[in-house]
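The first residue of the sequence shown is numbered 1, and numbering continues consecutively from there. Since the model is a prediction, treat every value here as computed from it, not as a measurement.
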Amino acid sequence: MNGRDRDDEGRARSARPRDGLGRPLPYGTPGVERQPEGVVRAPAETVAEAQRLLDGGMPFHAHEVFEDAWKSGPGAEAPLWRALAQLAVGLTHAARGNAVGGARLLRRGADALAGLEAEEGAALGGVEAEGGAALAALGGVEAEAGAALGGVDAAGGGPAPYGIDVAGLVRWARELAGRVDAGQEVDAAAEAPLLTSPPDRPDSA
């Protein structure tokens with residue numbers, strides 16, 4: 001009786017080759033190399049590696065990078081990386097032709113990210129209220145500073161963690177989910193999202 005396939009560290013992991021979307025191929029068929037599991041990366045490295053894989057049409061592999069981040073990083077950041085992994089898996093299923101699963105996971109990831117954005121906005125709203133009370137004592141600067149604080153809040157709660165474009169990813173996922181529901185075929189590379197706003201992209205000058 002054959003034992004289970006295991007990786008170099010003895011963990012159970014199928015050695016069956018897979019294609020760029022993570023689909024199993026027959027043994028002996030050339031496939032796309034799997035991402036190593038359990039890699040600890042700095043957040044910027046996680047974003048850069050995931051973006052490279054997404055751009056290459058390998059969202060399944062990108063999800064493994066996000067999974068490493070959520071399992072090895074601080075617990076407070078786990079919801080962010082888990083939501084990004086859900087988006088990557090949603091894109092994977094959509095590109096495989098699984099419209100129902102793809103659209104569902106895209107929306108689930110989008111809702112999770114939107115919830116994080118709302119929490120951050122609420123936190124900033126509390127800071128704004130405290131700041132507004134203090135500024136009231138200063139008289140004339142209240143209106144100007146209050147308007148500036150309101151602008152930050154309205155813009156989505158200030159800078160996202162690690163430059164990740166949370167609002168843009170939410171829009172991308174929900175829009176793609178709608179097209180998937182409508183029966184549109186999905187090319188993973190062509191539909192790859194930008195994880196960060198353009199000035200923060202890993203390949204920017």
Side-chain angles (χ1 to χ4, degrees), residues 2 4-7 11-39 41 46-71 78-117 160 164-198 201-203:
N2 293 329
R4 297 181 65 185
D5 293 332
R6 295 187 178 274
D7 62 17
R11 294 173 298 200
R13 194 182 203 199
S14 174
R16 189 172 176 178
R18 294 174 179 265
D19 67 9
L21 292 175
R23 291 173 293 204
L25 299 171
Y27 282 101
T29 302
V32 176
E33 186 175 353
R34 296 280 301 275
Q35 288 296 114
E37 286 187 342
V39 177
R41 303 176 179 86
T46 293
V47 173
E49 178 66 0
Q51 187 69 68
R52 181 186 72 81
L53 293 165
L54 289 166
D55 290 345
M58 295 184 286
F60 177 82
H61 298 72
H63 119 268
E64 294 183 313
V65 171
F66 290 134
E67 191 172 85
D68 281 339
W70 111 50
K71 291 181 177 179
L80 170 67
W81 302 120
R82 184 165 55 244
L84 293 172
Q86 288 173 333
L87 294 185
V89 175
L91 178 56
T92 299
H93 280 285
R96 289 177 178 178
N98 177 8
V100 173
R104 182 175 63 247
L105 282 164
L106 286 166
R107 291 194 175 99
R108 184 180 299 167
D111 289 347
L113 284 179
L116 294 174
E117 188 177 34
I164 294 171
D165 184 7
V166 173
L169 287 168
V170 170
R171 288 192 300 271
W172 165 82
R174 289 175 174 167
E175 189 272 337
L176 180 58
R179 289 190 281 120
V180 170
D181 275 338
Q184 179 176 318
E185 293 186 1
V186 171
D187 180 292
E191 297 290 353
L194 302 183
L195 298 176
T196 63
S197 53
R201 288 206 67 190
D203 57 353

- Message: Would you compute the distance between atom OG1 of T92 and atom CG of L105 and round it to the nearest 0.5 angstrom?
- Response: 9.0 Å
- Taking NZ, NE, NH1 and NH2 as the nitrogens, is one of them in K71 or E67 under 4.0 Å from a carboxylate oxygen of the other? yes
- Item | Exercise: identify the closest heavy-atom pair between L106 and L91 | CD2-N, 3.9 Å
- Test item: L80 and L113 side chains (from C-beta on) under 4.5 Å apart, heavy atoms: yes
- Over all heavy atoms of both residues, which pair between A50 and A62 is shortest? Give the atoms and the distance, please. O-CB, 3.8 Å
- Message: I need the minimum non-hydrogen distance between V180 and A94, along with the two atoms involved.
- Response: CG2-CB, 3.8 Å
- Do L176 and V186 touch side chain to side chain, with heavy atoms closer than 4.5 Å? yes
- If you measure from CD on E191 to CD on E185, what distance do you get to the nearest 0.5 Å? 11.5 Å
- All pairs passing salt bridge (charged side-chain N to carboxylate O under 4.0 Å, His left out) where residues 84-111 contributes a residue, at least two apart: R107-D181, D111-R174
- Heavy-atom donor-acceptor pair, D165 side chain to L195 backbone, under 3.5 Å: no
- Can you tell me if W172 uses its side chain to pair, donor with acceptor, with the backbone of A192 under 3.5 Å? no
- Taking the six-membered ring where the residue is Trp, are the ring centres of H63 and F66 under 6.0 Å apart? no
- Item | Nearest heavy atoms of Q86 and A112, plus distance in Å | OE1-CB, 4.2 Å
- pair L84-L169: side-chain heavy atoms closer than 4.5 Å: yes
- Query: A110 and L87: which non-hydrogen atoms are nearest, and at how many Å?
  - Reply: N-CD2, 3.6 Å
- Query: Could you give the distance from CG (N98) to CG (L21), rounded to the nearest 0.5 Å?
  - Reply: 12.0 Å
- Non-hydrogen atoms of D68 and G38 that approach each other most closely: OD1-N, 2.9 Å
